[in-house]
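Structure, as structure tokens:
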Number of protein chains: 2
Amino acid sequence: MSSGVVRYHGLVANIHDVARKAGVSATTAKRAIRDPDKLAAGTLERVRAAIEALHYEPDQVASALRSGRTTTVGLIIGSIVEPFFAELTRAIVHDVRSRGYSVVIADNEYRSDVEAAHLHTFNGNRVSGLILRSAYDSGNLPYLERMRARGVAIVEVDYFVPGSPLSHVLLDNAGAVEAGVAHLVAHGHRRIAALGSFHRTLNPDERVQTFPLALARHGIPLPAAYVRAVSPTAWDAYSLTLDLMRVAEPPTALFSITGSMAGGAYRALRHLGLRVPQDVSLLSFDDYAWMELVTPAIDSLAQPVETMGRAAVRLLFEQMRLGADAPVERLRFPAELIVRGSVAAPSR
Amino acid sequence: MSSGVVRYHGLVANIHDVARKAGVSATTAKRAIRDPDKLAAGTLERVRAAIEALHYEPDQVASALRSGRTTTVGLIIGSIVEPFFAELTRAIVHDVRSRGYSVVIADNEYRSDVEAAHLHTFNGNRVSGLILRSAYDSGNLPYLERMRARGVAIVEVDYFVPGSPLSHVLLDNAGAVEAGVAHLVAHGHRRIAALGSFHRTLNPDERVQTFPLALARHGIPLPAAYVRAVSPTAWDAYSLTLDLMRVAEPPTALFSITGSMAGGAYRALRHLGLRVPQDVSLLSFDDYAWMELVTPAIDSLAQPVETMGRAAVRLLFEQMRLGADAPVERLRFPAELIVRGSVAAPSR
DNA sequence: CCTACGGATGGACTCGTGGCCATAACGTAG
DNA sequence: CTACGTTATGGCCACGAGTCCATCCGTAGG
């Protein structure tokens, strides 16, 4: 009581308490849990009774220190309230937990300084693995490489830092953008704006970067007036849409880079009194439940979230099993175009 | 290398490596971090340089074992993809992290057997605190009380197990239901159905239990045909709504107990060709972004999610500070009725 | 009757850090 | 010059479990 250390003793039982109660040694008591067939039937029974009586549960902290490995995996996503990440999180948490590991979660708000703090915490807690949706800049790459060298398994999801040597699980963004643009062009659109950030260094987003190329493939130019740098939030999409619809030659179709940006755009269009799809067509990434509830329902490029989450976990545990010998794997999954009626021929 | 233990040595530096590199003892090296003013300037500088060079970061696992306290808090919610819980999670995670603690997350799917597994994991990992949205039945209460006796701080949110002696943070469900019913009655509705589970023991939900009482206050009976036992999901709300609208005297207004149930109901009404609010009025708990996007926008009872999350964290850290002396606190927060146009006078 | 062997059990040491106590060097008051 | 306090530093053990090695005992084979 004078040591300043929190004393569980008497509050929470350890293996020695169990051993004492059962009248055996600590080693024997432990064997009742780890390899019970090595014990005599009577001993096993006595130890089991003691475990039951004392409500003994092995201290994972001590186990982690001694064994050098935790059963904890870190997950860093962009934002917990973005439904895409919520679904991804659910898939990952369930899969990881079914493998006997726990998940510690944090979100980086797409900022690498916030991410850095999380990485230090995870590293200090000696997580066995890390799944992360990196912030846009590559400032944490050296730190990630040191964690990797230390034996921590790492998989990037949804995005990867340019130049990253890590395994990742991504959507086939280029293919999805091509398909989306083709969908809009097929309805006769030639003035198409993407709702997303065009800041090349701040947000080097594949979708936005593919967009002008996809347009060019159809002989369509991207007006400078359609190019802005915004953050991928519903709020920024709202004001971006207001701006876009007020330029000299406003777009006849909007292509939203994320599901929540589509929500912002939708609100902006309604506030402007513009009808979808009569006045403006709308196409979005992600397939959120509300997109089916609005009138008309929104065309979207659905991501196989569950599949991607499982793939990330699979790669992670492969790395944890193989260590430094694990191959670098880059997986891409295709989006699925869901047509509901928010894209129609442009008026005029 | 023959010990079978994962050897970090050489891979990750510990305080002894730092001490050796700086030419001091481990105790001195540690002081460079914990109380630097006790060191001579030159020594401090040398240790700092060694820490820098070796990328030393204290092992939280060893620290936790020795000190008897972790800087980890567990969070158990109903479902990560339910936006209410996503927002609650964000509020809690941010607040907890700002206090220097990490959050481990799990969802119980409202099932106490799933919850039990999570509790064992958290307990084994020696979390300092636990915030949970309990499953409906009280099967884990004895276990929770043992954790509490062991010194783990526990706060229930959004719901509490009947008979629970734990602190909690809840919505003023009764008041919200009264306000919602009053809102509907003021528009002339007398045939009102609640979308929620009426199973008294399986889902002893305050909102559903208050509902008949609130109706009675206005002299309105609750037809037996409106009472069903369903799970609080969009899917169940969908089929429940289909059923309700087909009874002899269908309701003229629906009162949804959760935001995602309102989504299911909305889809069902559209599939039935019923217009909101001309044919059926709709009122819902939770204020989700999509409720503003549909036509008409949905009236809702918004929960102060951020406030509730912060309150839960505050109670938790109070308990962690005061230990067994911490008072049991039961907090209630009022819902806010947001009127948008999905409630109107019933036809006929 | 002695030895060998295998099954059952116990002991000792270790993981990295936290806390306490000891020690050395140096200055100051008596 | 001694006694004592202060400052700067080092040594040691414990937290609870994992791993290796040692020991004890009974039995079967010679």
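Residue numbers begin at 1 in each chain, while the letters A, B, ... track the order of the sequences.
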Original post:
At under 4.0 Å, does any side-chain N or O of S63(A) touch on OP1 or OP2 of dG18(D)?
Top reply: yes
Original post:
So does T27(B) reach the base of dG11(D) with its side chain, donor to acceptor, closer than 3.5 Å?
Top reply: yes
**OP:** Give a yes-or-no answer on whether the side chains of T121(A) and R97(B) include a donor-acceptor pair shorter than 3.5 Å.
**Re:** yes
Original post:
Does a donor on one side chain and an acceptor on the other come within less than 3.5 Å for S112(B) and N140(B)?
Top reply: no
Subject >> T28(B) vs dG10(D): side-chain N/O to OP1/OP2 distance below 4.0 Å >> reply: yes
**OP:** Take R150(A) and N123(A) through the test side chain to side chain donor-acceptor pair (under 3.5 Å) and record every step on the way to the result.
**Re:** CA-CA 10 Å; R150(A) 226 244 288 130; N123(A) 197 34; 2.4 Å; yes
Original post:
Considering only side-chain heavy atoms of V24(B), which listed nucleotide, dG10(D), dA8(C), dG16(D), is closest?
Top reply: dG10(D)
Original post:
Of the nucleotides dG16(D), dG18(C), dG11(C), which has the atom closest to the K30(B) side chain?
Top reply: dG18(C)
Original post:
Considering only heavy atoms from C-beta outward, does the side chain of Y56(A) approach that of P58(A) to under 4.5 Å?
Top reply: yes
Original post:
Can you tell me if S102(A) uses its side chain to pair, donor with acceptor, with the backbone of T72(A) under 3.5 Å?
Top reply: no
Original post:
For DNA chain D, whose closest nucleotide is more 5', that of A26(B) or that of Q60(A)?
Top reply: A26(B)
Subject >> Cation-pi, Y136(A) ring and R133(A) (6.0 angstrom, 45 degrees) >> reply: yes
**OP:** Send over the distance from R34(A) CZ to dT9(C) P, rounded to a whole Å.
**Re:** 18 Å
Subject >> Spacing between N125(A) atom CG and dT17(C) atom C1', to the nearest angstrom >> reply: 14 Å
**OP:** Using five pairs at either end of the helix from dC1(C)-dG30(D) to dG30(C)-dC1(D), determine the angle between the two local helix axes and round it to 10 degrees.
**Re:** 70°
Original post:
Expressed in angstrom and rounded to an integer, what is the separation of L65(B) atom CG from dT14(C) atom C1'?
Top reply: 12 Å
**OP:** Write down the distance between CZ (R69(A)) and C1' (dA17(D)), rounded to a whole number of angstrom.
**Re:** 15 Å
Original post:
Does NZ or CZ of R99(A) come closer than 6.0 Å to the centre of the six-membered ring of F317(A), within 45° of the ring's axis?
Top reply: yes
Original post:
To the nearest Å, how far apart are I15(B) CD1 and dG11(D) P?
Top reply: 14 Å
Original post:
Please give, in whole Å, the distance from dT17(C) P to E57(B) CD?
Top reply: 11 Å
Original post:
To the nearest angstrom, how far is K38(A) atom NZ from dC21(D) atom P?
Top reply: 13 Å
**OP:** Check whether any side-chain nitrogen or oxygen of S67(B) sits under 4.0 Å from OP1 or OP2 of dT17(C), and answer yes or no.
**Re:** no
**OP:** Tell me which nucleotide among dA8(D), dG16(D), dG19(C) gets nearest to the side chain of R66(B).
**Re:** dG19(C)
Original post:
Minimum heavy-atom separation for L130(A) to M147(A), with atom names?
Top reply: CD2-CE, 4.3 Å
Original post:
Choosing from dA17(D), dT17(C), dT9(C), which nucleotide comes nearest the side chain of L39(A)?
Top reply: dT9(C)
Original post:
If you check every side-chain atom of R31(A), which of dT9(C), dT9(D), dA17(D) has the closest atom?
Top reply: dT9(C)
Original post:
Whole Å only: how far is the CG atom of N14(B) from the C1' atom of dT17(C)?
Top reply: 9 Å
